[in-house]
S.K.: 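The structure's right below; bear with me while I get my questions together.
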Amino acid sequence: MTTPLAERTETASGYKPGRTLLLRVELIRQLKRRRTLVMGAILAVLPFVLVIAFAIGGDPSGRNDTVTLMDTATASGANFAAVNLFVSAGFLLVVPVALFCGDTVASEASWSSLRYLLAAPVPRARLLWSKLVVALGLSLAAMVLLPVVALAVGTAAYGWGPLQIPTGGALDTGTAAQRLLVVVAYIFVSQLVTAGLAFWLSTKTDAPLGAVGGAVGLTIVGNVLDAVTALGHWRDFLPAHWQFAWADAVQPHPEWSGMIQGTAISITYALVLFALAFRGFARKDVVS
C-alpha cells in the first residue's frame, strides 16, 4: 500500500516551526528600513515645529470663544505634550500605524521574497504573527516617542509644572504623567482598527502603498462619516466617534465611559480584521 505524500514528508533535523522568523530578527529588519527612520524623524521633529510656531505666533490662548487644550499649550511641559497628542491623534499618528502594518506582507510580496520565506519553511501563521507583533510594537513606539520628545522640548521651553486644565484646575506632575500614559494607551487601542485594516489589506495585495493608502483612506472616510450628524446614534458604532474620548482622562475628575465604549468598538473591529487576514492568507495561493 502506498503511503500518502503528507505522511511521507520529513522535516530537517532540528527544525522547529516556532524558531523560524524570530521576533528579534524581524524587528531588526524593520528598524533598519528607511521608512522606519523617516517616520521616527518626523514624529521627533513635530514638537520643535510647534515650539517655533508658538514663538512666531505668540500665546495660543484667547483666540476664540471655544476653550480647548490648545489654549494651555505653553503652560508647562505636560500641557505641551498633551497638545502634541491632541493635534496628532486624528491623522498624523494614523500614518505610522498604517505604514508599519500595511507594509508587512505586501512588501515581501513586492520584493518577490514572500514565497521564499514560506519555502524556508516558515509556517504562514508564524510569519503573520511575527510581522504583526513587530508592526504593532513599532506603532506603539511611535506613539510613545511623540509625547516623550514633546515633554522634553516643552519642559525646556516652558518649564516643568502641573498640567493646567483649560476649564479650570490642574493636575500635579505625578498624576499628569499617569493620565498621559493612559492617553497614549487609549490612542494606541483606538488605532487598532487602522492596524487591522492595513494588515488585512497587506495580505490581499502585492502593493504596499495600496495597503497603506487604503487603510488611511478608509480611516479618513470614517472621520467624515462621524461628522455627518444626520447619522445620529449610528455614529456610536464608528471607531472615529471615540478617538478623542481620551480628553475625559485629563480632567480633575476623569470620566471613563467614553473610553470604555471606544475601546470595546476598536478591539471588536480589530479582532475581526485580524481574523480575516489570518484566514485569508492561510488559503492564499502565494506566487510572488
Side-chain angles (χ1 to χ4, degrees), residues 27 31 36 39-51 68-70 72-73 75-101 132-155 158 160-166 170-196 198 219 223 239-252 254-267 269-270:
L27 177 60
L31 285 175
T36 305
M39 195 70 252
I42 291 173
L43 293 172
V45 166
L46 177 63
F48 293 95
V49 173
L50 289 181
V51 165
T68 67
L69 194 61
M70 183 68 74
T72 59
S76 68
N79 279 90
F80 186 70
V83 165
N84 274 262
L85 290 172
F86 177 73
V87 301
S88 304
F91 180 74
L92 182 60
L93 290 179
V94 172
V95 176
V97 176
L99 180 64
F100 294 140
C101 294
L132 178 59
V133 170
V134 170
L136 291 178
L138 290 175
S139 300
L140 178 59
M143 294 181 189
V144 172
L145 175 65
L146 177 62
V148 167
V149 174
L151 184 61
V153 173
T155 300
Y158 310 119
W160 179 260
L163 177 64
Q164 301 293 333
I165 299 172
L171 300 177
D172 62 77
T173 54
T175 303
Q178 294 174 6
R179 299 286 180 84
L180 287 177
L181 285 176
V182 172
V183 169
V184 172
Y186 178 77
I187 293 176
F188 174 72
V189 171
S190 67
Q191 294 297 341
L192 287 178
V193 179
T194 300
T219 301
N223 290 333
H241 186 66
W242 307 100
Q243 65 179 338
F244 289 108
W246 58 264
D248 294 334
V250 288
Q251 301 294 332
E255 173 60 49
W256 305 108
S257 60
M259 296 179 66
I260 292 173
Q261 293 181 68
T263 297
I265 291 290
S266 296
I267 290 178
Y269 277 102

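Computed from heavy atoms alone, side chains included, the values below leave out hydrogens, waters and symmetry copies.
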S.K.: Restricting to side chain to side chain contact (heavy atoms under 4.5 Å, CB included), what partner residues turn up for S139, sequence neighbours left out?
M.R.: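 Testing S139 for side chain to side chain contact (heavy atoms under 4.5 Å, CB included), a comparison that skips the adjacent residues, returns V97, F100, C101, F188.
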S.K.: Measure across V184 and M143 and return the closest heavy-atom pair with its distance rounded to 0.1 Å.
M.R.: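 Heavy atoms of V184 and M143 come nearest at CG1-O, 4.0 Å.
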S.K.: Side-chain contact test, heavy atoms from C-beta onward, threshold under 4.5 Å: evaluate it for W242 versus T263 and give yes or no.
M.R.: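 Not in contact.
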S.K.: Measuring from atom CG of L151 to atom CG of L146, what distance do you get when rounded to the nearest 0.5 angstrom?
M.R.: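 These two atoms lie 11.0 Å from each other.
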S.K.: Of the non-hydrogen atoms in L180 and A78, which two are nearest, and what is the gap between them?
M.R.: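 Minimum heavy-atom separation between L180 and A78: CD1-O, 4.2 Å.
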S.K.: Can you check side-chain contact (heavy atoms from CB on, under 4.5 Å) on V87 and L50, steps first, answer last?
M.R.: CA-CA 10 Å; V87 301; L50 289 181; 4.1 Å; yes
S.K.: Quick one: side chain to side chain donor-acceptor pair (under 3.5 Å) pairs with a partner in residues 170-185, sequence neighbours left out?
M.R.: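 Found D172-T175.
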S.K.: Supply the atom-to-atom distance S190 OG to L93 CG, rounded to the nearest 0.5 angstrom.
M.R.: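 Reported value, rounded in 0.5 Å steps: 9.0 Å.
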S.K.: Kindly give the heavy-atom pair with the smallest separation between A82 and L163, and that separation in Å.
M.R.: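 Taking every non-hydrogen atom into account, CB-CD1, 4.3 Å.
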S.K.: Any chance you could measure I265, atom CD1, to I260, atom CD1, to the nearest 0.5 Å?
M.R.: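 CD1 of I260 is found 13.0 Å from CD1 of I265.
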S.K.: Check whether any side-chain heavy atom of L138 sits under 4.5 Å from a side-chain heavy atom of L27, and report yes or no.
M.R.: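 Yes; the side chains approach each other to less than 4.5 Å.
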S.K.: Decide yes or no for L92 and L43: does some side-chain heavy atom of the first lie under 4.5 Å from some side-chain heavy atom of the second?
M.R.: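 Contact flag for L92/L43 side chains = yes.
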S.K.: Quick one: does L136's side chain get under 4.5 Å of L140's, heavy atoms only?
M.R.: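 No, their side chains stay 4.5 Å or more apart.
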S.K.: Kindly say whether P239 contributes a backbone atom to a donor-acceptor pair with the side chain of S266 at under 3.5 angstrom?
M.R.: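 Pair absent, no side-chain N/O of S266 close to backbone of P239.
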S.K.: Taking the side chain as C-beta and beyond, is there a heavy-atom pair between P47 and F80 under 4.5 Å?
M.R.: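 Side-chain contact under 4.5 Å: yes.
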S.K.: Which pair of heavy atoms, one from L171 and one from P252, lies closest together, and at what distance?
M.R.: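 Where L171 meets P252 most closely, the heavy atoms are CD2-CA, 4.1 Å.
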S.K.: How far apart are the closest heavy atoms of A89 and W246, and which atoms are they?
M.R.: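 Nearest pair, atom of A89 first, then W246: CB-NE1, 4.2 Å.
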S.K.: Check Q243 against G90 and note the closest heavy-atom contact, atom names and distance.
M.R.: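 Scanning both residues, the minimum pair turns out to be OE1-CA, 3.8 Å.
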S.K.: Can you measure from CD1 (I165) to OG1 (T72) and round to the nearest 0.5 angstrom?
M.R.: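 Output value for this atom pair is 9.0 Å.
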S.K.: Identify the residue among L85, N84, I187, L181 that makes a side-chain contact (heavy atoms from CB on, under 4.5 Å) with P147.
M.R.: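 Answer to the side-chain contact (heavy atoms from CB on, under 4.5 Å) test with P147 among L85, N84, I187, L181: L85.
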S.K.: Does any non-hydrogen side-chain atom of W256 lie less than 4.5 Å from one of Y186?
M.R.: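 No, their side chains stay 4.5 Å or more apart.
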